[in-house]
Each structure stands twice: as structure tokens, then as C-alpha cells.
Amino acid sequence: HGRLADIMIRHTKSDPAVAATLPPKQRQLVRVEPTLNLQTIPSGVNFNSESVSWGLRRAAGVKIAPAAEMALDALAGGTERVLVFTYMVAHAKEIAALIKVNAAKYGFVPEVYCATGKESIDYRRNTAKVFNTRAPAVYVATMDAVGVAVSLHGATRVIFADIDYVPEKMLQAEDRAHRIGVASSVLISYLVSRGGLDDHGASLVGDKLNQRRAILGTDANADDLANTISTRRSGAEILEELKAIVARIDETRSAWGDRE
């Protein structure tokens with residue numbers, strides 16, 4: 001036994017015994033319509049990791065208002081604790097401010113906490129403890145601020161207002177709420193703006209996770225994130241979308257024809 005004295009046994013979530021103690025987790029991809037010109041992909045751009053990472057950070061700006069609105073909708077029930085992740089410090093502060101300002105329209109005043117990484121670790125851990133016991137409450141943070149070493153197991157809803165080019169950061173951030181021993185289910189929403197750098201970057205992140213699977217083997221958690229976040233569409237899906245667009249055009253023409 002002396003040889004094992006300095007060995008730590010770590011249980012992973014892929015272990016069936018550990019998985020049985022985890023709360024149900026659902027992921028969803030939520031499309032957001034772009035509102036800024038910076039969302040447009042310039043023709044001929046070489047998408048290396050640096051340019052895409054920069055583009056994703058800038059693209060997150062169009063999702064500030066939708067992220068705040070989604071958090072408020074979730075909080076309206078009065079019993080939810082919502083965790084919102086973003087990449088940029090300024091965006092985290094703005095989302096938190098929007099939630100505070102607009103909460104009155106929903107008829108409640110939630111506890112609002114914000115961590116950007118500039119605070120002490122004690123502040124982040126203490127506010128996390130309060131967050132885990134108060135409702136309705138929202139914790140807005142950058143992934144670097146509370147992505148590790150902080151437990152936010154009280155959250156029943158997690159919103160990613162940003163896509164990080166390093167998928168492991170998002171998996172770690174998810175784990176702040178998806179903790180062993182928690183009974184309530186967790187719904188995780190990834191906001192992706194349609195047709196821009198954010199959209200393209202989400203597909204690249206999905207590709208990275210698929211490459212990880214090819215090299216390291218199957219990981220149900222990472223594989224599910226890849227399937228959720230990838231925005232690549234098959235030919236059949238594109239055809240169905242085009243058919244729906246044509247149908248809407250025909251309906252509009254018909255309505256105008258009736259008016260004439």
C-alpha cells in the first residue's frame with residue numbers, strides 16, 4: 001500500500017458509476033439573427049485560428065441583448081438560477097447591466113452577480129455560494145473567470161453568449177453547473193448568430209471536437225457538444241430551408257394579389 005500513498009484516483013464522468021450520480025443535461029443551439037455588419041464573412045478570407053478567434057469575440061456583441069432577454073425569460077418563473085457565459089469582459093458587464101435594468105418589466109428583482117476575472121478568487125467563490133442558495137438569481141461571467149475552481153451547482157440554466165475556439169473551455173464551464181450529486185436537470189443553450197463568423201466558428205469548433213474523438217476515442221459528453229454546436233448542414237437540410245423560403249414568398253405574393 002505504500003506505493004499507492006501518493007496516488008490520487010480521479011473519477012471521470014464517463015465512468016457509468018459516476019454518470020449515474022449526475023443530473024440530466026440537455027444542450028440546444030439557438031440561432032440569433034445578426035445585426036452588425038461585422039458579422040458578414042468577407043470573401044477570400046483565410047480562416048486561421050487567430051482570425052476566427054478574433055472574429056468570434058467581436059461577433060459576440062450581437063448576442064448581448066438576446067442573451068439578457070433569454071436569461072430574463074428563464075428567471076421569470078421566480079425559482080431559476082441562470083448562469084451566463086461570455087468571452088469578453090465588457091460583454092459580461094453589459095449583459096449583467098441589461099438584466100438589472102429590464103428585470104422590473106418582468107415584475108421581479110433577481111440577484112445579479114458578475115465576475116470578469118479581475119476580482120479575487122475569494123469574491124468569486126463567495127458570490128457563487130450566495131448564488132447557489134438564492135432564487136431568482138443570475139451569474140454573468142467570462143469563461144476564464146469561473147470556468148474552473150468555482151462551483152455554480154445551483155444553476156438550472158446555462159447560456160453561452162459566446163463560442164470559444166477552445167472547446168475544452170466550454171466543457172469545463174458547463175461543469176460548473178453539471179455537478180455530481182445535483183438532482184435538478186440542466187439546460188445549456190449556445191447562442192450562434194446566423195450566417196457570419198460566429199456561425200462559421202461554431203462549425204470549426206465542432207470539427208475540432210470530432211478530431212479529438214478520432215484521436216482520443218469516443219467521449220459521450222464531448223461528442224454530444226460536437227453534434228449540438230456544429231452548424232454544418234446537409235444538402236437535404238439546405239433544400240428544405242430553400243423550400244420554406246419559396247413557400248413564404250408565394251404566400252406573400254398571394255396576399256398582395258388578394259389585396260389587388
Side-chain angles (χ1 to χ4, degrees), residues 30-42 49-75 81-105 109-128 130-131 137-150 152 155 157-170 172-174 176-177 188-202 204-205 229:
V30 179
R31 295 284 194 171
V32 176
E33 294 298 333
T35 57
L36 298 178
N37 291 332
L38 58 85
Q39 278 299 106
T40 304
I41 302 177
S49 60
E50 183 177 352
S51 66
V52 170
S53 180
W54 175 86
L56 292 180
R57 296 174 206 171
R58 294 290 304 278
V62 305
K63 297 178 291 182
I64 290 173
E69 184 177 358
M70 179 177 288
L72 285 166
D73 286 340
L75 291 166
R81 300 182 188 94
V82 181
L83 176 57
V84 182
F85 282 115
T86 186
Y87 191 100
M88 298 183 69
V89 170
H91 293 167
K93 291 180 177 180
E94 190 167 348
I95 291 172
L98 280 174
I99 293 172
K100 289 180 181 179
V101 169
N102 291 281
K105 299 177 183 179
V109 180
E111 298 277 348
V112 181
Y113 306 96
C114 183
T116 63
K118 296 183 178 180
E119 308 83 2
S120 68
I121 187 63
D122 287 338
Y123 168 85
R124 284 173 266 170
R125 286 175 175 168
N126 290 336
T127 52
V130 178
F131 167 81
V138 59
Y139 204 118
V140 185
T142 62
M143 280 175 259
D144 289 333
V146 300
V148 295
V150 176
L152 294 157
R157 184 72 182 271
V158 181
I159 300 169
F160 281 84
D162 200 359
I163 302 297
D164 198 290
Y165 190 66
V166 181
E168 284 73 17
K169 280 189 178 182
M170 294 185 291
Q172 282 282 354
E174 284 186 359
R176 298 313 94 208
I188 302 171
S189 303
Y190 283 90
L191 274 61
V192 174
S193 51
R194 189 186 302 274
L197 285 170
D198 200 29
D199 201 350
H200 183 81
L204 291 182
V205 172
I229 208 170

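Both backbone and side-chain heavy atoms feed into the values below; hydrogens, waters and symmetry mates do not.
Here the closest heavy-atom approach between residue Ile159 and residue Leu191 is recorded as CG2-CD1, 3.7 Å. Residues Met143 and Ala173 come closest through the heavy atom pair CG-CB, 4.1 Å. Closest approach of Leu72 and Ala103 over heavy atoms only: CD2-CA, 3.8 Å. Here the closest heavy-atom approach between residue Val140 and residue Ala92 is recorded as CG1-O, 3.4 Å. The nearest pair of heavy atoms linking Pro66 to Val32 is CG-CG1, 3.7 Å.
For the pair His91/Asp162, no side-chain contact is recorded, criterion being any heavy-atom separation below 4.5 Å from C-beta on. Proximity of Glu174 to Val158: side-chain heavy atoms (C-beta onward) are nowhere separated by under 4.5 Å. Taking 4.5 Å as the limit, some side-chain heavy atom of Ile229 sits within range of a side-chain heavy atom of Met170. Residues Val205 and Asp164 form no side-chain contact, since every pair of their non-hydrogen atoms from C-beta on lies 4.5 Å or further apart.
With rounding to the nearest 0.5 angstrom, the CD1 atom of Ile64 is 7.5 Å from the CG atom of Leu98. The line from CG of Leu75 to CZ of Arg81 is 11.0 Å long, rounded to the nearest 0.5 Å. Between the CG atom in Asn102 and the CD atom in Glu69 there is a gap of 9.0 Å [rounded to 0.5 Å]. Ser189 OG to Arg157 CZ: the interatomic distance, rounded to the nearest 0.5 Å, is 4.0 Å.
Lys100 pairs in a side chain to side chain contact (heavy atoms under 4.5 Å, CB included) with only one of the listed residues (Ile95, Val112, Val109), which is Val112. Considering Arg124, Lys169, Lys118 as possible partners of Asp144, the one that fulfils the salt bridge (charged side-chain N to carboxylate O under 4.0 Å, His left out) test is Lys169.
Of the possible polar contacts, one joining the Glu119 side chain to the Gly117 backbone as a donor-acceptor pair under 3.5 Å is found.
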Inset, instruction - Test side chain to side chain contact (heavy atoms under 4.5 Å, CB included) on Ile121 and Val150 and set out the steps. - result: CA-CA 9 Å; Ile121 187 63; Val150 176; 4.2 Å; yes
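Partners of Phe131 by ring-ring contact (aromatic ring centres under 6.0 Å, His included), not counting sequence neighbours, listed by chain and number: Tyr139.
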